[in-house]
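Please read the structure below before turning to the comments.
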Amino acid sequence: METGTAAGPEGSTGPTGGDGVPSGWTGLPRGVLTMRRLLLVVWLVPAAVALGVLLGLFAGPAWAAFAALPLALAAWGWVMLGRNWRSWRYTERADDLLISRGVLWREETVVPYGRMQLVEVTSGPLERYFGLAGVQLHTAAAATDARIPGLVPSEAERLRDRLTELGEARSAGL
Amino acid sequence: MREPAKTGGAGLGNLDGAPAPSGLRERRLHPVTPLRRAWAPVAILVGLAFHDPDGTQRRLSELTALTLALGVLAVIVGGALYGFLSWWFTHFAVTETELRIRTGLLFRRTAHIRLDRLQAVDVTQPLAARIVGVTKLKLDVVGTEKKDELAYLSEKDAAALRAELLARAAGFAPETARDVGEAPVRNLLHVQPRMLAVSLLLTGAPWVLLVAALVVPTVLWLITHNAWTVIATALPMLGGAFASSVGRFVAEYDWRVGESPDGLRIDHGLLDKAHETVPPGRVQTVRVVEPLLWRRFGWVRVELDVAGSSNSVLVPVAPRPVAESVISQVLPGVRVPAADELSRPPSRAAWCVPVWWHGYGLAVTDAVFAARHGLLRRRLSLVPHAKVQSVRVGQGPWQRFKGVADVKVDTGANKTVTARLRSASEAADLLHGQAERSRTGRREARPDRWMA
């Protein structure tokens with residue numbers, strides 16, 4: 001079932017090869033996926049090794065097979081992260097920003113430019129290493145959950161500048 | 001913008017001199033204010049005594065009458081001194097664009113509250129303050145806190161200050177703002193005490209709590225035979241039953257809604273009096289609540305949300321046509337959609353939310369997005385298109401399987417109105433259509449400075 005994600009900015013539909021992102025939409029850079037997958041592996045593989053060694057030493061070699069659980073979790077997470085990464089996309093339309101995300105729990109958000117109170121660009125140490133920056137939009141409603149988790153810094157800055165410019169031009173406040 | 005700018009802490013010497021700009025009249029609060037503050041040390045002692053009753057008793061028995069008297073004296077003097085100093089160091093002033101409140105003895109704090117961001121003005125008068133003849137005044141701006149209220153002012157000053165603040169916020173010329181005076185009020189609605197009492201008796205919550213307060217402790221007594229558990233469970237329930245019946249009656253007694261050029265006036269209270277002024281265009285959402293037992297009388301309760309304001313009731317109880325006429329005054333050009341104008345979710349929605357899906361409904365008119373939910377206690381939420389901050393569509397896996405989705409509309413009062421279980425294609429249309437209406441609706445809205 002589609003929730004209108006297929007309907008692009010000017011009614012353009014259909015995916016455009018590559019990442020499976022419909023035309024007119026922008027997906028997230030590959031770096032986000034790499035970073036998330038790396039984090040997953042960094043946490044779960046040592047956990048699997050530690051579990052396997054401990055179980056093998058204290059409970060017998062047969063029990064060490066339980067170490068496969070974190071590995072299975074890692075494999076499942078690997079696929080899930082990929083699907084989730086592909087689901088994130090955004091598009092700047094004439095008057096509003098449209099963000100779509102989620103695989104099982106889909107969510108699509110529209111924020112008119114005039115309603116933006118604040119545009120925030122954040123980048124943690126790990127994100128900086130991968131050359132990423134997150135953009136978060138705030139409106140007067142705290143429930144507005146309009147964020148784009150990872151972008152190339154130059155794109156994040158371009159988006160920020162464009163959003164603030166458009167926001168000023170169409171400012172509407174409360 | 002989002003918060004009143006605050007400066008505080010450092011720069012004591014600098015702020016201490018308080019070089020008031022020429023012509024700026026800094027004022028102090030009413031001289032009875034220290035009495036209120038004097039309660040703080042006493043309250044702390046009482047709190048400590050409650051916290052550790054045994055220890056307190058032991059220590060009290062060790063004291064002689066003289067040390068006890070000295071101690072009490074020290075507390076009273078200390079409290080009076082604290083109250084006096086905090087009063088002495090609190091100043092406020094109205095400038096052309098803002099209300100400025102300077103407080104603090106050690107940690108200085110200056111709140112600059114911008115008048116064009118004004119959402120509502122509350123003048124409240126607790127019982128004790130009524131006896132003395134003083135009131136509290138609070139400006140609601142997004143981000144103001146409890147401590148940003150002016151407590152206490154004399155009744156005359158408060159009325160004059162409210163008129164001046166509203167006149168300045170409305171955009172009257174600065175020279176004339178002080179002389180504009182109170183805007184005339186036209187009465188829209190007065191709730192009769194009898195109707196209020198009947199409506200509260202027909203509300204479920206107090207009865208449920210009362211029955212629970214009788215049944216649960218009885219059962220507990222039969223099981224445990226422990227008096228303390230019985231008291232500990234019965235008291236909160238009885239308190240809740242009392243608060244939701246008598247407490248509400250006292251708070252909502254003599255409810256008046258009036259209309260003035262400064263906006264909506266809401267006055268109410270039996271013991272504590274409250275007067276609220278909501279300037280035009282500040283109401284973010286209005287909810288029409290219809291409890292089950294009120295339906296045969298055709299009564300409704302109307303709630304409203306204003307950003308930064310804690311009050312949420314517009315009309316505690318009124319016949320539906322009266323309530324609707326009040327709503328049309330609050331939200332100009334808005335007509336409350338009748339029950340048969342609301343479109344129901346498709347019947348496959350029953351697979352997502354059994355039974356209760358009957359209560360869901362949605363109507364989008366030229367002026368508002370109206371969503372209803374609740375089966376026994378029906379709530380119809382109205383959001384003017386101009387107040388929509390963002391629109392979201394959410395869809396879980398089971399909902400996708402059934403081809404339905406939820407449409408959420410966020411407003412500036414941190415309220416989200418959800419139209420649940422619309423068909424997926426309708427939800428997609430709503431998402432785009434609502435964003436469009438939100439933009440165009442704003443163009444026709446009145447300016448923030450409503451008299452300008």
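All values derive from a computational prediction rather than experimental measurement. Numbers restart at 1 for each chain; the letters A, B, ... are given by sequence-line order, proteins then strands.
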Query raised in the report: Tell me, do B:Gln389 and A:His138 make a side-chain contact under 4.5 Å, heavy atoms counted?
Result: no
Query raised in the report: Take atom CZ in A:Arg158; do more than 12 heavy atoms of anything else shown fall under 6.0 Å from it?
Result: yes
Report summary line: Heavy-atom closest pair (A:Trp105 atom, B:Pro397 atom, distance to 0.1 Å) is CE2-CD, 3.4 Å
Query raised in the report: Below 4.5 Å, heavy atoms only, C-beta onward: do B:Gln434 and A:Val110 meet side chain to side chain?
Result: no
Requested in this report: Would you please test B:His432 and A:Arg93 for side-chain contact (heavy atoms from CB on, under 4.5 Å) and show each step?
Outcome: CA-CA 11 Å; B:His432 299 283; A:Arg93 304 193 302 175; 3.0 Å; yes
Query raised in the report: Roughly how far, to the nearest 0.5 Å, is the OG1 atom of A:Thr109 from the CG atom of B:Leu431?
Result: 8.0 Å
**Report entry** Most chain A-contacting option - heavy-atom pairs closer than 4.5 Å, from B:Thr416, B:Thr411, B:Asp406
**Finding:** B:Thr411
Query - Option that, when pairs with chain B are counted at under 4.5 Å, heavy atom only, ranks first among A:Ala142, A:Pro112, A:Ala146, A:Ala143 - result: A:Ala143
Report summary line: Residue set satisfying salt bridge (charged side-chain N to carboxylate O under 4.0 Å, His left out) with A:Arg160, at least two apart, ordered chain then number -> none
Query raised in the report: Which answer fits B:Ser438, side chain, backbone, both or neither, if we ask what part of it has an atom under 4.5 Å from a heavy atom of chain A?
Result: both
Report summary line: In this structure, CZ of A:Arg115 is separated from CG of B:Asp410 (nearest 0.5 Å) by 11.5 Å
Report task. Could you tell me whether A:Glu108 and B:Arg392 have a side-chain N and a carboxylate O separated by less than 4.0 Å? Result -> no
Report task. Among the options A:Asp95, A:Asp96, A:Ile99, pick out the one with the most heavy-atom pairs lying under 4.5 Å from chain B. Result -> A:Asp95
